[in-house]
Amino acid sequence: MSRFSLDGTRAFVTGANTGIGQAIAVDLARHGAHVVAVGRSSMEETLQAVAQASGRADVVQADLGSVAGAVAAFDEAGSRFGPIDTLVNNAGIIRRADSLDFTEADWDAVMDINLKVVFFLSQAFARSRIAAGQGGSIVNIASLLSFQGGIRIPSYTASKSGVAGLTKTLSNEWSAKGITVNAVAPGYVISNNTEALRADPERNRAILDRIPMGRWAEPVDIAGAVTFLASPAARYVTGITLPVDGGWLGR
Ligand code: NAP
């Protein structure tokens, strides 16, 4: 069996209906994982893409803006489909405004889904794996804003920098129990998240000029790194935030 195979494993992927999460769901399924696609919107497109890749996916509907909803979805997945081997914390939001005007509501909404829910889903996952005497893998979706400051996105940068730190602390606690904890930091990816940037010709040009590869990423460009980190091939990789950015951070 290939050391990159996920045959016989089950993966819980948040925000799997679109964008990066959808590409991750399809790639994990293509490599043999049974995917549980989790989110609040229709997963029809994802289910079709997984079927086209000859993979298997099921759906759990959940609003991931609250810890209670997210953990209930994790428990539901376990009881309906069986134990989860891989947790992919992908769902996330961004709110843009000058820091002088930034509201508490925009701070809380972003921190809740991008960081707080990531922690408590990870806790639910690790509790279930450790109680079963099993290992597993957590892959968080971080950002270039885990390394850089950005502009007009204070809660997003705080949350994604938090994800990189959390990835390290959870790895320190759980890797000896067989749970690897890593993050993937996508560069600039074509998705709903970046619609505003791509619609602004000046920002779009400035971004493209800085990317050594000279193009935006497609969601599928991010998925391979997640599949790798979930696979036995990455069993000695833990605590890292892996940039997948077309060379951006090297500039
Ligand atoms: P996206 O298309 O906006 O996807 C965000 C996902 O999160 C969607 O599935 C969305 O579901 C889900 N989500 C948001 N709030 C939710 C809620 N309350 N309950 C359930 N699901 C919720 O953008 P994306 O680019 O694929 O983003 C995926 C991840 O990559 C995010 O963590 C983002 O921060 C990160 N990222 C993106 C980029 C980029 O350039 N695009 C770069 C670095 C990191 P709905 O469709 O139902 O809203």
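Each ligand, and each atom within it, is numbered from 1 in the order the structure gives. These values consider heavy atoms only, across backbone and side chains, with no hydrogens, waters or symmetry-generated copies.
Polar contact with ligand 1: absent for Thr194 (N/O pair, distance under 3.5 Å). Considering backbone and side-chain N/O atoms, Gly39 never comes within less than 3.5 Å of an N/O atom of ligand 1. The shortest N or O to N or O distance between Arg40 and ligand 1 is below 3.5 Å. Where the criterion is an N or O separation shorter than 3.5 Å, residue side chain and backbone included, Ile113 fails it with respect to ligand 1. For a threshold of 3.5 Å applied to N or O pairs, the pair formed by Lys160 and ligand 1 contains at least one separation below that value. Taking any N or O of Ile93, backbone or side chain, none lies under 3.5 Å from an N or O belonging to ligand 1. Distances between N or O atoms of Gly15 and those of ligand 1 include at least one value under 3.5 Å. By the 3.5 Å distance cut-off applied to N or O atoms, Pro186 is not counted among the residues near ligand 1. Inclusion of Asn114 in the set of residues having an N or O under 3.5 Å from an N or O of ligand 1 is not warranted.
With ligand atoms numbered from 1 in the order given, ligand 1 contributes 43 (C), 44 (C) to contacts under 4.0 Å with heavy atoms of Ala142. Numbered from 1 in the order shown, with element, the atoms of ligand 1 that lie under 4.0 Å from a heavy atom of Asn192 read 2 (O), 3 (O). Of all the atoms in ligand 1, the ones that sit under 4.0 Å from a non-hydrogen atom of Tyr188 are 40 (O). Atoms of ligand 1 lying under 4.0 Å from any heavy atom of Asp63, numbered from 1 in the order shown and given with element: 17 (C), 18 (N), 19 (N). Per-residue contacts place Ile141 under 4.0 angstrom from the following atoms of ligand 1 (heavy atoms of the residue considered): 29 (C), 30 (O), 35 (C). Within the listing of ligand 1, atoms 18 (N) sit less than 4.0 angstrom from a heavy atom of Gly65. Ligand 1 places these atoms under 4.0 Å from at least one heavy atom of Gly19: 26 (O). For ligand 1 and Tyr156, the ligand atoms under 4.0 Å from any heavy atom of the residue are 33 (C), 34 (O), 35 (C), 36 (N), 43 (C), 44 (C).
Side-chain N or O atoms of Asn90 include none that pairs as donor or acceptor with a backbone N or O of Ile141 at under 3.5 Å. Proximity of a side-chain donor or acceptor of Asp63 to a complementary backbone N or O of Gly65 within less than 3.5 Å is detected.
Across every non-hydrogen atom of Ile211 and Trp248, the tightest pair is CG1-CE3, 3.7 Å. Scanning all heavy atoms of the two residues, the minimum distance from Ala142 to Pro186 falls at O-CD, 3.4 Å.
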- request: Begin with the C-alpha distance, continue with both residues' side-chain angles, and end with the deciding distance and a verdict on side-chain hydrogen bond (donor to acceptor under 3.5 Å, both in side chains) for Thr14 and Asn89.
  value: CA-CA 6 Å; Thr14 67; Asn89 282 308; 4.8 Å; no
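Under the 3.5 Å distance criterion, with hydrogens and angles disregarded, no donor-acceptor pair is assigned to the side chains of Thr241 and Ser146. Side-chain contact check for Thr9 and Asp85: no donor-acceptor pair (N or O, by modelled atom type) lies under 3.5 Å.
Contacts with ligand 1 closer than 4.0 Å are made by no heavy atom of Ala217, backbone or side chain. Residue-level proximity to ligand 1 for Ile190 is absent, since no heavy atom of it falls below 4.0 angstrom.
Atoms CH2 and CD1, from Trp216 and Ile207 in turn, are 4.0 Å apart once rounded to the nearest 0.5 Å. Separation of atoms OG1 (Thr227) and CD1 (Ile222) is listed at 11.5 Å; rounding is to 0.5 Å.
The distance between the ring centers of Phe12 and Phe74 falls below 6.0 angstrom.
Using a 4.5 Å heavy-atom threshold, the side chains of Asp112 and Ser66 count as separate. The side-chain heavy atoms of His34 and Asp58, taken from C-beta on, include a pair separated by under 4.5 Å.
Protein heavy atom nearest atom 12 (C) of ligand 1, with residue, atom name and distance: Ala91 CB, 3.9 Å. The single protein non-hydrogen atom nearest to atom 29 (C) of ligand 1 is Asn90 O, 3.1 Å, given as residue, atom name and distance.
Taking a 4.0 Å cut-off on heavy atoms, Ala62 registers as neighbouring ligand 1.
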